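Structure, as C-alpha cells:
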Amino acid sequence: MNIRNKVLVVEDEKSISGFIRAILSSNGYDVIIARSGSEAFSMISSHCPDLVVLDLGLPDMDGMDVLTQLRAWSLMPVVVVSARTDEREKVRALDAGADDYITKPFSPREVLARVKAVLRRCARPSHVLHLSGLTLDQDAHSVSCDGQRVPLTYKEI
Ligand code: CA
C-alpha cells in the first residue's frame, strides 16, 4: 500500500503557497493550504497532516504563536518558512519546537529536500522491545530469544 504524506502549508501569500504546493504535489505529497493561523488550526484537527510548513507572517496571528500553541499538545513536524533572516528569530523558532527553518527566498528543491528530511527523521520508530535476551518485534510480528527466533502460533502472531 502506498501511503502519501499529507503536508499542510500555512501561508497567506498565494504565489508562495502555490509554488510550495507545486513542488510537493509533483513529488508525491498531498498538499492542503491554510491562509491564516485560525484556518491552520481547524485544518490540523480535521486533516491530521503529517507535516506543517508554517509561514511566520500570517494575517491574523504570528506564526510563532501558531507554533507555540501547536507544541502545547502535538509533536507534529513543523518546517518554518520565513522572510525573517535574523539569527535570533531562527533560534526562537527552533527553541519553540520547529523541526527546521527555511529563509525566504528559497528554491523549490530546498523546500522538498527539507520536508523529506524532516519526515524521515520523524518517521514512526519501529516497535521493538528488548527484555533480557528476549526481543519482541511488533512490526515484524516476531519474538526471538538470545537471537534465536521463537516459533509462534497463528494466534500469538
Ligand atoms: Ca506571509
Side-chain angles (χ1 to χ4, degrees), residues 1-131 135-142 157:
M1 189 169 61
N2 184 19
I3 301 169
R4 289 162 68 97
N5 280 305
K6 192 185 291 175
V7 177
L8 170 64
V9 178
V10 186
E11 168 66 85
D12 57 312
E13 284 162 72
K14 279 190 179 163
S15 57
I16 297 178
S17 59
F19 155 81
I20 298 174
R21 186 212 292 266
I23 183 76
L24 292 179
S25 56
S26 66
N27 282 276
Y29 294 90
D30 281 334
V31 181
I32 47 177
I33 291 174
R35 307 201 183 283
S36 66
S38 56
E39 206 182 328
F41 282 114
S42 75
M43 291 183 85
I44 286 168
S45 46
S46 57
H47 292 271
C48 293
D50 298 292
L51 180 142
V52 178
V53 174
L54 176 66
D55 175 35
L56 293 186
L58 297 170
D60 59 339
M61 61 197 287
D62 192 286
M64 279 299 299
D65 295 331
V66 175
L67 177 62
T68 315
Q69 285 182 38
L70 179 66
R71 277 292 170 265
W73 56 272
S74 170
L75 289 173
M76 187 175 286
V78 174
V79 174
V80 166
V81 291
S82 177
R84 302 175 195 170
T85 54
D86 189 345
E87 190 198 50
R88 279 168 301 184
E89 286 290 338
K90 289 186 192 174
V91 170
R92 205 158 73 92
L94 294 168
D95 277 349
D99 296 278
D100 205 346
Y101 193 107
I102 308 175
T103 309
K104 291 179 187 174
F106 44 76
S107 77
R109 272 190 301 198
E110 180 177 9
V111 178
L112 179 65
R114 288 183 186 254
V115 163
K116 262 191 195 165
V118 168
L119 282 171
R120 210 163 43 227
R121 274 206 305 272
C122 301
R124 190 173 67 101
S126 79
H127 295 139
V128 181
L129 196 66
H130 299 282
L131 293 166
T135 304
L136 306 174
D137 186 332
Q138 200 181 354
D139 294 333
H141 302 286
S142 72
I157 292 170

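All figures in this text were calculated on a predicted structure; none of them were measured in a lab. All ligand and atom numbering here is 1-based and tracks the order in the structure. Along the sequence shown, residues carry numbers from 1.
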Worksheet item: Considering only N, O or S atoms, which atom of Asp55 is nearest to the Ca ion (ligand 1)?
Response: OD2
Discussion item. Can you tell me which residue among Val10, Val9, Val81, Val79 is in a side chain to side chain contact (heavy atoms under 4.5 Å, CB included) with Leu54?
Written reply: Val10
Worksheet item: Any ion pair linking Arg71 and Asp99 (charged N to carboxylate O, less than 4.0 Å)?
Response: yes
Worksheet item: Quick check: are there more than 12 heavy atoms from other residues, nucleotides or ligands sitting under 6.0 Å from NZ of Lys6?
Response: yes
Item to complete: Would you mind naming the N, O or S atom of Asp12 nearest to the Ca ion (ligand 1)?
Response: OD1
Worksheet item: Are the charged groups of Arg84 and Asp86 less than 4.0 angstrom apart, N to O?
Response: no
Worksheet item: Of the backbone and side-chain N, O or S atoms of Gly57, does one lie nearer to the Ca ion (ligand 1) than 3.0 Å?
Response: yes
